[in-house]
Amino acid sequence: MDDWEGMETTALTSPASEGTHGDSWNNDLSKFGRGRAGRGFKTSFSGRGRGFDGTDRSELDGGDDGVCENGFMGGSRGGGRGSRGGFRSGGDQGARGDFGGGYRGKDEEVFAQGEDKDPQRKGESEGERPKVTYIPPTLPEDEESIFAHYEKGINFDKYDDIMVDVSGINPPHAIMTFEEAALCESLRRNVSKTGYVKPTPVQKHGIPIITAGRDLMACAQTGSGKTAAFLLPILQQLMADGVAASSFSELQEPEAIIVAPTRELIHQIYQEARKFAFGTCVRPVVVYGGVSTGHQIRDILRGCNVLCGTPGRLLDMIGRGKVGCSKLRYLVLDEADRMLDMGFEPDMRRLVASPGIPSKENRQTLMFSATYPEDIQRMAADFLKTDYLFLAVGVVGGACSDVEQTFVQVTKFAKREKLLDLLQTTGTERTLVFVETKRQADFIATYLCQEKVRTTSIHGDREQQEREQALADFRSGKCPVLVATSVAARGLDIPDVNHVVNFDLPHNIDEYVHRIGRTGRCGNIGRAVSFYDPDADGQLSRSLLTVLSKAQQEVPSWLEESAFSCSGAAGFNPPRKSFAATDSRKGGSFHDNSTSSQPAVPQTADEEEWE
DNA sequence: CTCCCTT
């Protein structure tokens, strides 16, 4: 089932970049160890208001052309030069001087990735490459390319065992076939070209719910066909209601907006949207950071019915007046729990406060994720109509137990050796190594490269082009080891990930569930090995225990003991978050439960499947 | 605290 929402490798690998990064694992090495003082990104980001509320472009653009762009870069590449200040800080201005004004320019003067090789720049950069506004490879428009990679073996029958639970008032009946979805001709054709024969459970239930105009909070694993579950009914409605054929305009007012927490993920969703919208008058567009803004603006202005985006760039586009929200009918939050957690919540609130945007009563809001901490569910109600439906889809004894989860007690300092050890015994099978920090990702990737393990890495401080290249190299098998931060934890659909290694365990259990969900999919056996550092991971032990037992995994006795001792006095350590696929409106009983002898997870039917 | 999110 991995293949379902598969991002097309080709889309991420441009011929031009092939040369530059051809030897990615080798080449990456040279880039890894560079000092990285962190970019102004974060500081400026979480800091305060963003340019976008200003709507006043002059300020924004002025910043672009002047200090910011390179300041930004300087922070990233400049290792150590005073880049902490965030963009627009004086300290960054220094960085700018280093590469003269040549490269910073307007969006119009961007460099295609091939030019990245410019020897002069390379020479002078030495750890300080000038900012090149990256233009992702133009995706081919031909049918063949759009529908590439649809012929993977999908075990549809596996889905018959899935347990489904719908709660909420008056849910519509599920459909059993795509015919019942009453899709128009071109959509039907696209569906079958995509290789879908019969709907998956999330589609069987989700499609009629959306078609009926209901708001939805859906709990389903990535790769279970959830993207199609919301795209199809949305596209169908738009076409049925005869949306104006998209055409050039200085202001575009999309009928649907889809947001996701990472660039790679939104790109993947966009690819799906292109498939299903092929040959229709509905035009999907994608926007995200790290690539040329001007390019994306032009793409939007050509016509935009379904806008996919990461929050920052999306808000930027709205703030620049390129995108209006008054015609919005559908708002989709993918990885919704992530979109509503601390990091993104302000952006989401800002989004739903955009000028002209219909209130929640006057639009349809759809949320999808594999995990829904209960506090997040409560907050999600701010975005949903009160009668929203909750849909939980799980594979009984399925995906989760297809992942063999093992734990190794390792202290911080022994982790590196242990990892190498592990990789040498597993050979070249595809392995995704999760680490806690961006710095650590560079560090470990460099180390593995030195040990002749073909490794690449992905994290938020890498150039967008590098991120895409890394993913492409991992997918293609050129680099069978990918070292990643949580940027790769969710949603990414990479077939044949044989192993997931939690070099560092995440701090929260949902993240753990998402991470190990990168493997063991589609009936394949996956393996997840986690390095458990008793000094650091004690807090997680209890919820790990619950996850393990629910997935019918063996629990090491030391972990059990650790959980016992870490939980302190009975009931004093209730799980902060539950990770179950349970409608928080159902009684709300498990609040109270969590302080009793109940395990961390509410005892409902949805044993399975958090992905 | 870190991660991810515009310029």
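The chains referred to below are lettered A, B, ... by the order of the sequence lines, with proteins before strands, and numbering in each begins at 1. Nothing here was measured: the structure is a model prediction, and the numbers come from that model.
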For the side chain of A:Arg338 and the base of B:dC5, is some donor closer than 3.5 Å to an acceptor across the two?
no

Cationic N near anionic O, under 4.0 Å, A:Arg302 to A:Asp299:
yes

Considering only side-chain heavy atoms of A:Glu436, which listed nucleotide, B:dT2, B:dT6, B:dC4, is closest?
B:dT2

What is the distance, rounded to the nearest whole Å, between atom CG of A:Asp347 and atom C1' of B:dC4?
10 Å

Rounded to whole Å, how long is the line connecting atom CD of A:Glu511 with atom C1' of B:dC4?
10 Å

Between A:Asp382 and A:Arg349, is there a salt bridge with N-O shorter than 4.0 Å?
yes

Mapping A:Arg467 and A:Met342 onto DNA chain B by nearest heavy atom, which one lands closer to the 5' end?
A:Met342

For A:Leu340 and B:dC4, what is the distance between atoms CG and P respectively, to the nearest whole Å?
19 Å

With sequence neighbours excluded, what pairs up with A:Lys418 under the side-chain hydrogen bond (donor to acceptor under 3.5 Å, both in side chains) test?
none

Report the nucleotide, chosen from B:dC3, B:dC1, B:dC5, that has the shortest atom-to-atom distance to any side-chain atom of A:Thr485.
B:dC3

Could you give the CZ-to-P distance, from A:Phe344 to B:dC5, as a whole number of Å?
6 Å

Euclidean distance, atom CZ of residue A:Arg263 to atom P of B:dC4 [Å, nearest integer]:
10 Å

Hey, is A:Lys438 close enough to A:Asp461 for a salt bridge, meaning N to O under 4.0 Å?
yes

Whole Å only: how far is the CG atom of A:Asp461 from the C1' atom of B:dT2?
12 Å

Euclidean distance, atom NE2 of residue A:His267 to atom P of B:dC4 [Å, nearest integer]
19 Å

Rounding to an integer number of Å, can you tell me how far A:Arg490 CZ sits from B:dC5 C1'?
14 Å

Identify whether any heavy atom of A:Val287 sits under 4.0 Å from a base atom; if not, whether one sits that close to sugar-phosphate; answer base, sugar-phosphate or nothing.
nothing

Looking at residues at least two apart in the chain, or sitting in another chain, which of them share a side-chain hydrogen bond (donor to acceptor under 3.5 Å, both in side chains) with A:Tyr512?
A:Gln405

Out of B:dC4, B:dT6, B:dC1, minimum distance to the side chain of A:Thr310 belongs to B:dT6

